[in-house]
Structure formats: C-alpha cells, structure tokens
Amino acid sequence: MDLFLLLVAIVWGSSYLAAKTLTDTVGVTVILSLRFLITTAALALIWLFWNRRRSGRREIVVGVILGLTQAAVLILETHGIAGTSATNAGLIISLVIVFTPFTESVAFRVRVPRAVFAAGVIAVTGVCLLVSGDGFATPTLGDMLVLAAAFVRAIHVTAVSALTRGRGYRALNLTLIQSAVCAVIYTSADYPGVLRAVKSFDAGEWMGVLYLGLACSVFAFLIQTWAIQQTSASRVSLLMGTEPIWAVLIGVTIGRETLALPGIAGAALIIAGTYLGLRAETRHREASRPANSG
C-alpha cells in the first residue's frame with residue numbers, strides 16, 4: 001500500500017513537468033479542458049459499472065461549489081506553471097500543507113499550534129530563496145500565480161471538510177461532479193481552441209493530456225481513497241507529502257531544469273517546512289481527539 005501511495009506522489013510530482021511541456025504548444029484552458037473531459041469520462045464509466053448511486057440535490061450543490069473552487073485552483077496553478085519552472089511550481093504549491101491549518105483555524109475557530117506557524121515561516125523563507133535565482137530578485141508572475149493557487153487550494157480543502165463532514169456523501173460522486181464542472185468551465189472558455197487541439201495534437205501531446213487526466217486525476221484519486229480506507233489519513237498525508245521532492249527530482253533530471261545555490265537552499269527549507277508543519281498538525285489533531293470525543 002505504501003508503495004502505491006509513493007507512486008501517486010511521484011505521479012503528482014511529475015504532473016508539473018507534463019503540464020509545463022504542454023503549455024509550450026497550447027493554451028492553458030485547452031489543456032485543462034481536455035484533461036477534465038478525459039477525467040470526467042473515466043469517472044463516469046467507473047460510476048456506471050461500480051457505484052450507480054445517484055446524488056441528491058444537496059450533494060450536487062456541494063459538488064458544484066467545490067468544482068468552482070477546484071477550477072479556480074487549477075487555472076491559477078497551470079497559468080503559473082506556464083510562467084515558471086516545473087521545479088518551482090512543484091515546491092511552491094506544496095505550501096498548501098502549511099496554509100491549510102490556518103484556513104481551517106478561521107473556518108472552524110480552532111487554535112493553530114505554534115509549531116505549525118514556525119513551519120510556515122521556514123517554508124515561506126524557502127520560497128523567497130527559491131525564486132531569488134542567483135540573487136534576491138522580484139518573483140516572476142508565474143511564481144506568484146502558483147503561490148496564489150496554493151492559498152486557494154487550502155481554501156478548497158477546507159471547504160471540502162466543512163461542506164462534507166458527517167454528510168455521508170460519496171467521494172466518487174463528488175469528484176465526478178467537480179470534474180464535470182471543471183470540464184464545462186474550461187471547455188466553454190475556449191471551445192474553438194479545444195476543437196483545434198483535438199484535430200492537431202500529435203501522439204506525444206495526446207500522451208501528455210491522457211497522463212494528466214488518467215494518471216494524475218483518476219488513478220491518484222482512486223488510490224488515495226482506497227488507502228485512506230485501509231490506514232490512517234495521517235499516514236497517507238505523510239507519504240503524499242513527498243510530492244515536492246519528486247517534483248524537484250523530475251524537474252532537474254528529466255526536465256533538465258537547474259537550481260542555483262540559493263534555490264537549492266530554498267527547496268530544502270520548503271520541504272523541511274511542509275514536513276514539519278504536517279507532523280505538527282497531525283500531532284495536534286491526535287492529541288486533541290480524545291478531548292473532542294469525550
């Protein structure tokens with residue numbers, strides 16, 4: 001099971017390079033449209049042959065809301081990837097692990113542990129070093145868009161928890177609805193561009209889109225859901241937290257991107273900060289569980 005979770009982390013880590021490669025030849029909304037049309041079709045088939053439980057009105061409304069926030073995350077993230085390196089994008093987006101406890105503290109009115117705050121300072125310092133290049137410089141627009149995507153993703157994750165906790169909604173149904181919402185939004189944004197891409201894509205570009213839609217979305221979702229049912233969410237989160245490490249390794253080796261010394265130091269601080277923040281939040285949650293349940 002741990003091996004499958006690490007495989008998901010590797011797949012997600014590689015998604016930044018795959019998206020970066022596609023943005024060199026086609027528009028962001030076209031990539032996202034094709035990705036989610038494929039994802040929606042695959043999830044619909046899984047629903048048809050495996051689940052077939054219809055969603056109620058409230059579940060549909062929640063799914064649409066979450067689809068809108070997810071669409072916002074991905075449009076910011078993919079536009080950001082187009083304007084920065086895959087390595088930078090994979091590291092900066094990992095700050096969602098640090099941002100989420102703060103958005104949850106606002107939504108659920110709970111205290112943020114000091115260790116999480118300290119981890120956030122470490123990670124943000126790492127981002128400053130990462131985007132500095134050979135010396136301190138203004139971050140690129142791409143870097144800032146990915147940072148915004150990380151913050152919006154933290155809001156999205158918090159919304160998922162707030163809107164679905166104790167409701168008995170099916171994860172597959174909600175994911176299918178979210179995927180369909182994203183597909184409609186992105187396709188409507190550039191329908192002519194999508195048609196042109198379908199007619200002109202070569203085998204390599206179709207492989208990239210299929211990889212994003214099937215491996216990075218459908219496969220990752222199914223494995224993550226299965227793993228949470230088999231073990232603790234904390235263990236799943238820790239293993240999935242290796243994603244930025246794989247993003248760096250794949251960006252540097254396969255993508256042949258480079259990191260200067262400040263960038264290497266920044267990458268190390270981001271990884272350390274996100275890992276420490278995740279561990280601190282997990283310990284705080286486990287320590288408070290008996291009191292909440294009593």
Side-chain angles (χ1 to χ4, degrees), residues 9 12-20 23 28-29 31-32 68-107 112 116-160 182 216 237 240-248 250-252 255 257-260 262-278 280-281:
W12 277 349
S14 67
S15 67
Y16 303 100
L17 181 59
K20 175 70 174 177
T23 59
V28 167
T29 51
I31 296 170
L32 292 172
L68 293 173
T69 57
Q70 179 72 2
V73 171
L74 289 168
I75 198 70
L76 287 169
E77 181 181 299
T78 312
H79 272 296
I81 291 171
T84 187
S85 68
T87 301
N88 277 26
L91 288 166
I92 294 172
I93 200 68
S94 67
L95 289 178
V96 68
I97 298 175
V98 177
F99 291 158
T100 302
F102 292 94
T103 55
E104 284 186 332
S105 71
V106 174
V112 177
V116 173
F117 179 78
V121 172
I122 293 171
V124 170
T125 302
V127 170
C128 294
L129 288 171
L130 177 69
V131 302
S132 67
D134 294 320
F136 287 101
T138 303
T140 67
L141 177 61
D143 292 325
M144 297 306 296
L145 287 173
V146 177
L147 185 62
F151 181 71
V152 177
R153 183 181 284 187
I155 295 174
H156 171 75
V157 171
T158 303
V160 171
C182 289
C216 300
S237 296
M240 297 301 296
T242 63
E243 177 188 341
I245 299 174
W246 300 112
V248 172
I250 292 169
V252 171
E257 298 176 347
T258 58
L259 281 176
I264 294 172
L269 286 175
I270 292 171
I271 292 169
T274 53
Y275 179 78
L276 292 173
L278 180 59
E281 196 278 336

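Residue pairs that meet the salt bridge (Lys or Arg N to Asp or Glu O under 4.0 Å) test with at least one member in residues 147-159, sequence neighbours left out, are Glu77-Arg153. Applying the salt bridge (Lys or Arg N to Asp or Glu O under 4.0 Å) definition to pairs two or more places apart or across chains, none involves residues 117-130.
Contact check for Thr158 versus Phe99: no side-chain heavy atoms found under the 4.5 Å cut-off. Residues Asn88 and Val146 are not in side-chain contact: their nearest non-hydrogen atoms beyond the backbone lie 4.5 Å or more apart. Between Ile155 and Thr69, the closest side-chain pair of non-hydrogen atoms is not below 4.5 Å. Contact of the Ile81 side chain with the Leu145 side chain is not registered, since no non-hydrogen atoms from C-beta on lie closer than 4.5 Å.
Across Ala154 and Thr103, no two heavy atoms sit closer than the pair O-OG1, 3.4 Å. What you find for Gly83 and Lys20 is that their closest heavy atoms are N-NZ, 4.4 Å. Contact record, Val96 with Ala150: CG2-O, 3.6 Å, taken as the closest heavy-atom pair.
Atom CZ of residue Phe151 and atom CD1 of residue Ile93 lie 12.5 Å apart, to the nearest 0.5 angstrom. A distance of 11.5 Å separates CG in Leu76 from CE in Met144, rounded to the nearest 0.5 Å. In this structure, the separation between CG on Leu17 and OG1 on Thr87 is 8.0 Å, given to the nearest 0.5 Å. To the nearest 0.5 Å, the span separating CD1 on Ile250 from OG on Ser15 amounts to 8.5 Å. How far CG of Leu91 is from OH of Tyr16: 9.5 Å, rounded to the nearest 0.5 Å.
Side-chain atoms of Thr78 come within 3.5 Å of backbone N or O of Leu74 as a donor-acceptor pair.
Within 6.0 Å of CZ on Phe102 lie more than 12 heavy atoms contributed by other residues, nucleotides or ligands.
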